[in-house]
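Okay, so here's the structure we're looking at.
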Amino acid sequence: MVDTPHLITPEIAETYGVSLHTVTKTWAQHPSWPDPIGKRGRHLEYSAQDIAAFVREHVARQAPELEPTRLYTARELEAAGIGITASTIRADRARDRWPAPDDITGGVNRWTGATATRALEGRRGYRRTPR
């Protein structure tokens, strides 16, 4: 018999490099959060496979399919499904958390797909389910 590993909330936080608060107050409040399978001490215990599936589906940022040399505006990047809005890109640009545009012809900021992909690689994602 193969014993499936089980994780309690502090182990989940450590495994995925997030705070305990993120696990208990953000992830665990999501409607798709898996049901506990038991209790260890004062912590609920979850299937490691169920947690991995939740993170893959709702937390991990999916790599966008952008053409590396094509120029994209912020709205086009949002429409491409990169996981953040055009207004977030503009706000992050104002705070130097998004790279400078590769092209500003006509006063419109445009980034190549390669630049946008690099900028997104370091960002964490968390997709809330629409209400």
Side-chain angles (χ1 to χ4, degrees):
M1 179 174 131
V2 175
D3 190 27
T4 304
H6 302 142
L7 299 171
I8 58 175
T9 48
E11 294 167 341
I12 295 168
E14 183 178 340
T15 300
Y16 292 99
V18 297
S19 69
L20 184 58
H21 183 269
T22 296
V23 174
T24 59
K25 301 295 183 194
T26 305
W27 294 2
Q29 303 305 311
H30 194 283
S32 297
W33 183 251
D35 292 329
I37 57 172
K39 197 167 184 174
R40 191 180 340 147
R42 64 185 182 124
H43 299 284
L44 294 174
E45 196 170 36
Y46 300 90
S47 161
Q49 289 177 330
D50 291 347
I51 297 301
F54 173 84
V55 169
R56 205 172 29 257
E57 179 65 27
H58 298 283
V59 179
R61 184 172 300 280
Q62 303 300 314
E65 296 289 329
L66 300 174
E67 296 174 37
T69 57
R70 178 182 165 198
L71 291 170
Y72 294 87
T73 64
R75 283 191 182 168
E76 290 170 337
L77 288 169
E78 178 182 359
I82 64 170
I84 59 175
T85 64
S87 58
T88 299
I89 292 170
R90 287 189 292 273
D92 283 1
R93 179 66 207 117
R95 294 176 180 90
D96 287 328
R97 295 187 300 208
W98 188 263
D102 296 308
D103 180 64
I104 54 170
T105 304
V108 177
N109 292 336
R110 292 181 185 88
W111 296 266
T112 63
T115 300
T117 300
R118 275 193 310 276
L120 291 166
E121 286 173 352
R123 296 178 73 101
R124 285 193 201 170
Y126 179 72
R127 297 189 309 268
R128 291 186 182 269
T129 302
R131 294 177 191 219

Steps toward side-chain contact (heavy atoms from CB on, under 4.5 Å) verdict (Ile12, Val55)
CA-CA 10 Å; Ile12 295 168; Val55 169; over 6 Å; no
Dump the intermediate steps for side-chain contact (heavy atoms from CB on, under 4.5 Å) on Thr9 and Tyr46, then the final yes or no.
CA-CA 8 Å; Thr9 48; Tyr46 300 90; 4.1 Å; yes
Please test Thr105 against Leu71 for side-chain contact (heavy atoms from CB on, under 4.5 Å), starting from the C-alpha separation and ending with a verdict.
CA-CA 11 Å; Thr105 304; Leu71 291 170; over 6 Å; no
May I have the step-by-step check of side-chain contact (heavy atoms from CB on, under 4.5 Å) for Glu76 and Arg70, ending in yes or no?
CA-CA 11 Å; Glu76 290 170 337; Arg70 178 182 165 198; 3.8 Å; yes
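Note on ring orientation: taking the six-membered ring where Trp is involved, the planes of Trp33 and Trp27 are tilted (angle from 30° to 60°).
In this structure, Pro99 and Arg118 have side chains that are not in contact, with every pair of non-hydrogen atoms separated by 4.5 Å or more. In this structure the side chain of Leu44 never reaches within 4.5 angstrom of the side chain of Ile8, judged on heavy atoms.
Distance check, rounded to the nearest 0.5 Å: CD1 of Ile51 to CG of Leu7 gives 7.0 Å. Of the inter-residue distances, the one linking Thr115 atom OG1 with Trp98 atom CH2 reads 9.0 Å to the nearest 0.5 angstrom. Between atom CG of residue Asn109 and atom CZ of residue Arg75 there is a gap of 13.0 Å, rounded to the nearest 0.5 Å. Atoms CG and CD1, from Leu77 and Ile84 in turn, are 8.0 Å apart once rounded to the nearest 0.5 Å. Taken from OG1 in Thr22 to OH in Tyr16, the straight-line distance is 14.5 Å, to the nearest 0.5 Å. In this structure, the separation between CD1 on Ile37 and CG on Asp50 is 7.5 Å, given to the nearest 0.5 Å.
Scanning both residues, Val18 and Val23, for their nearest heavy atoms gives CG2-CG2, 3.7 Å. The two residues Ser47 and His6 have their closest heavy-atom pair at CA-CD2, 4.2 Å. The heavy-atom pair separating Leu66 from Ala116 by the smallest distance is CD1-CB, 3.8 Å. Arg93 approaches Pro101 most closely through the heavy-atom pair NE-CD, 3.8 Å.
Judged by distance alone, with hydrogens and angles left aside, the side-chain atoms of Arg95 form a donor-acceptor pair with the main-chain N or O of Ala91 at under 3.5 Å. Within the 3.5 Å criterion, the main-chain N or O of Ala86 finds a donor-acceptor partner in the side chain of Glu78.
Counting heavy-atom neighbours within 6.0 Å of Arg40 CZ, excluding the residue itself, gives a total above 12.
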